Structure formats: C-alpha cells, structure tokens
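To find a chain, count down the sequence lines: A is the first, B the second, and so on, and within it residues start at 1. As the structure is a prediction and not an experimental result, all values here were calculated from the model.
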Amino acid sequence: MQGAGGGFFDAMRRIAGFLAALAVLSFPAGAASTDEPLEADRAFRPSARLVAEAAASGRHGIDIEYRIEPGYYLYRDRVRFDVLPATLPIASPEFPKGQEIDDPFLGKSVIYRDRVVIHLPFMASSVNPGRYRVRITAQGCAEDRLCYAPFVQELPLTIPAGYRAADATTRPLPPGLGR
Amino acid sequence: MRAWIPFAGVGVVAALAGLSLWLAGSTNLPPPPKAGPVEATSAAIMASKFVDLDGNSRVLGQLTGKVIVVNFWATWCTPCVEEMPGFARLQSRWEAKGVRFVGLANDDPEKVRAFGQRLAINYPLWTGEAAVMDLSRRLGNRIGVLPHTVLLDGDGKVIESRIGIYAEDKLDARLADILS
C-alpha cells in the first residue's frame with residue numbers, strides 16, 4: 001500500500017518526465033536535419049507505367065506518376081516529356097486538374113502536391129516493341145523557401161513484343177519499368 | 001533532506017525546458033541549408049561570362065568593389081523575387097561603401113527586364129544559359145536550387161555562399177560586419 005508521500009513523489013516524477021519530453025520536443029528547429037532541402041530526385045519521385053485500355057476508349061500510352069514530398073510542389077506548365085529514341089511518338093501530355101495559385105509577383109500557376117499521374121498518349125495504335133527512355137524536365141519548389149532549377153530525370157520503359165494498344169484492360173507493369 | 005530531491009530535479013528540467021522554448025522562440029526561420037564546397041577559383045569566378053540586358057558580354061571581374069553580392073535567381077522562383085526588393089534597398093544603402101550587387105538568371109532577357117523594372121531593381125541583371133547554374137553549382141549550390149547568394153571580395157574570393165532566402169536584415173548585418 002502506497003502512502004501519501006509515495007503518491008506525491010510519483011506525481012513529481014510524472015511532472016519531471018513531462019517537462020523532460022517538452023524540453024526535447026521544443027529544442028530549436030536548427031538542430032533537426034529535416035531543414036536541409038532534399039535533392040530534386042528525392043523531393044520529386046517519378047515512375048512510369050505502360051497502359052493499354054479497351055479499344056473503345058483508345059486510351060493507351062504511358063502514365064507518369066509523381067510522388068511529391070510534403071512541403072514541395074511541382075509546376076504543371078514547366079514539365080516537359082521526351083521519349084527516346086523518338087521512334088515512339090507521343091501526343092501532348094494529359095495533365096489532371098491541379099491546384100491553382102495566384103502569386104502577387106508571378107501571376108497564376110497550376111501546381112501539384114503529394115501525387116499526380118500525367119498521361120502521355122501514344123500517337124499510333126501500334127507501337128514498336130523495344131527499350132525506351134522517358135526523359136522528364138521539370139521544375140518545382142520547396143514551399144516558401146527555394147525552387148529547383150530545371151532538373152532532368154530519366155525513366156526506363158520497355159514495350160514488350162506483341163504489345164498492342166487495343167489489348168483489353170490495363171496491362172500489368174512489364175519488367176524493367178519504373179526507376 | 002531526501003524530500004527536496006524531486007523538487008530540485010523538477011526545477012532543473014523546467015529550467016532546461018524554458019531555455020529551449022526561449023531559444024526556439026528566438027528562431028523565426030529555419031537555418032539556411034548548408035552550401036557545399038566551392039570548386040571554382042577566384043580567377044575563374046571573375047572570368048565567368050554573362051550577357052547584360054542590352055546584349056553586351058559581361059564578366060564578374062568588371063564589377064569593382066570591396067564586396068560583390070552575386071544573386072542567382074529566376075523569374076519563376078517566388079522566394080527569389082520576394083527577396084530582391086530588399087537587395088535593392090541594400091544596394092542603395094551600401095553602394096558608397098563599395099558593395100556591388102548583381103543578379104544572374106538563366107532566363108528570358110525580356111522577362112528579366114520586365115521583372116527588374118517592376119521590382120525597381122537598381123543593380124545589374126545579367127543572363128546566361130547553362131553558365132548561370134554551372135557557376136552556381138561550383139560556388140556550393142550542390143542541389144541546384146534558387147535563390148543562391150554568394151558574397152565575394154574584390155578579388156573574387158568567396159566570403160560566403162548561402163542557399164535559400166537571404167533576409168535583408170541578416171545580409172545588412174553581414175555587410176556591416178565585413179566592411180567594419
């Protein structure tokens with residue numbers, strides 16, 4: 001059985017523990033390594049997926065998915081795609097609706113945060129199998145801190161033999177896709 | 001006697017908590033990211049070529065002064081554009097003491113000119129293509145971000161290389177320290 005003195009000391013220990021935790025949590029932000037901005041390849045992580053949907057939709061091409069770290073954003077109108085070699089022509093990218101921002105200096109821009117999938121449609125219904133590279137030139141920023149000069153990222157893309165755009169539903173990711 | 005030990009412990013921890021809260025409160029902004037090593041010689045820095053807004057070829061060595069503040073920026077970079085009016089004020093304040101600012105952008109010269117006029121920038125704005133970010137990287141900008149500001153002495157020796165926003169009051173204090 002604990003006496004009145006034991007309860008008092010226990011309460012003091014709890015208060016001391018709480019204050020110690022507070023001291024650790026409130027230590028100046030400068031001590032945290034998270035203040036270092038990420039390299040572009042870590043802040044903006046793209047992957048590629050080959051898609052071939054039903055012939056009726058005619059939607060076939062490459063989906064580029066960007067995973068964007070919290071606190072970072074990508075500019076929609078400053079992303080450019082090239083597929084190399086150019087024997088695999090793609091039409092204009094299909095961008096999803098993003099977040100519109102209105103900057104007093106820069107005017108309106110559309111940005112993406114967290115995750116975005118951009119579709120690159122093939123221009124022809126049949127494409128040559130082979131190994132390709134999707135070269136992405138992009139620009140983005142870390143919120144209120146800094147922006148990345150145009151950076152280039154490349155993704156390998158393999159189109160397997162026998163691939164046809166009208167092949168039923170979305171194909172699984174062929175080996176060699178992604179980073 | 002033993003009854004006072006917990007009080008003393010609580011007091012020490014509370015003092016530590018209070019100190020760290022005070023320190024945290026005095027830090028309004030996170031510290032700037034660390035710049036990487038400088039890989040360019042003073043001679044190479046001063047010989048770096050750019051183009052002014054009239055189309056004339058320029059080198060950094062043409063800027064004579066005790067301190068040259070080289071600011072790498074772009075018209076699409078919000079943090080860059082936000083800090084530039086402060087740089088213009090510092091240029092006015094420190095010009096007589098031999099401070100020369102210059103803005104370097106890998107950007108469309110017409111856009112640069114329009115921004116310069118809109119923001120009332122009173123220091124030269126030069127452009128260059130790959131040379132801009134190439135010099136920035138060699139001056140410690142290891143991850144290729146903007147803004148990036150480098151303080152050089154009159155001979156092109158790097159005094160400081162700072163990634164991210166350089167707050168006007170901090171740069172003002174730094175210039176005062178260098179020129180004192």
Side-chain angles (χ1 to χ4, degrees), chain A residues 5-44 71-73 75 77-78 101-107 109 111 138-152, chain B residues 2-3 5-34 72-85 105-107 111 115 118-119 130 132-134 136-137 141-148 163-165:
Chain A
F8 173 77
F9 288 126
D10 187 50
M12 286 297 104
R13 272 197 298 272
R14 285 172 190 273
I15 291 169
F18 171 76
L19 290 173
L22 187 65
V24 169
L25 291 173
S26 63
F27 202 74
S33 61
T34 52
D35 289 319
E36 283 293 309
L38 299 173
E39 298 208 4
D41 283 346
R42 288 187 59 205
F44 309 100
Y72 292 76
Y73 61 83
Y75 281 111
D77 297 334
R78 297 184 179 276
I101 56 171
D102 194 358
D103 184 273
F105 292 109
L106 310 181
S109 307
I111 60 167
Q139 283 172 249
C141 298
E143 198 84 61
D144 297 331
R145 295 181 67 196
L146 44 81
C147 293
Y148 291 78
F151 53 88
V152 176
Chain B
R2 281 187 60 204
I5 292 172
F7 289 107
V10 168
V12 168
V13 174
L16 280 173
L19 177 66
S20 53
L21 280 172
W22 177 77
L23 286 170
S26 69
T27 309
N28 296 324
L29 288 172
K34 293 186 188 74
F72 296 89
W73 72 291
T75 59
W76 50 268
C77 165
T78 306
C80 305
V81 177
E82 284 175 355
E83 72 176 352
M84 289 171 73
N106 177 7
D107 220 320
K111 281 187 184 172
F115 263 86
R118 193 171 157 203
L119 298 172
V132 172
M133 287 313 293
D134 180 54
S136 177
R137 284 180 195 276
N141 187 1
R142 57 197 161 74
I143 58 172
V145 292
L146 298 169
H148 175 209
I163 305 291
I165 291 174

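- If you tally non-hydrogen atom pairs under 4.5 Å between each of B/Cys80, B/Pro147, B/Ser136, B/Cys77 and chain A, the highest count goes to B/Cys77.
- Heavy atoms closer than 4.5 Å to chain A are found in both the backbone and the side chain of B/Glu82.
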Stepwise side-chain contact (heavy atoms from CB on, under 4.5 Å) test for B/Trp73 and B/Asp107: CA-CA 9 Å; B/Trp73 72 291; B/Asp107 220 320; 5.7 Å; no
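- Only the side chain of A/Tyr75 has a heavy atom closer than 4.5 Å to any heavy atom of chain B.
- By the 30° and 60° cut-offs, the orientation of the rings of A/Phe44 relative to A/Tyr72 is perpendicular.
- Heavy atoms of A/Ala149 lying under 4.5 Å from chain B belong to its backbone as well as its side chain.
- You'll find the side chain of B/Met133 reaches within 4.5 Å of the side chain of B/Leu146, heavy atoms only.
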Take A/Leu106 and B/Phe115, measure what side-chain contact (heavy atoms from CB on, under 4.5 Å) needs, and give me the verdict at the end. CA-CA 9 Å; A/Leu106 310 181; B/Phe115 263 86; 3.6 Å; yes
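- Within the 4.5 Å cutoff, side-chain heavy atoms of A/Leu146 are placed close to those of A/Pro37.
- With a 4.5 angstrom heavy-atom cutoff, A/Asp144 touches chain B only via backbone atoms.
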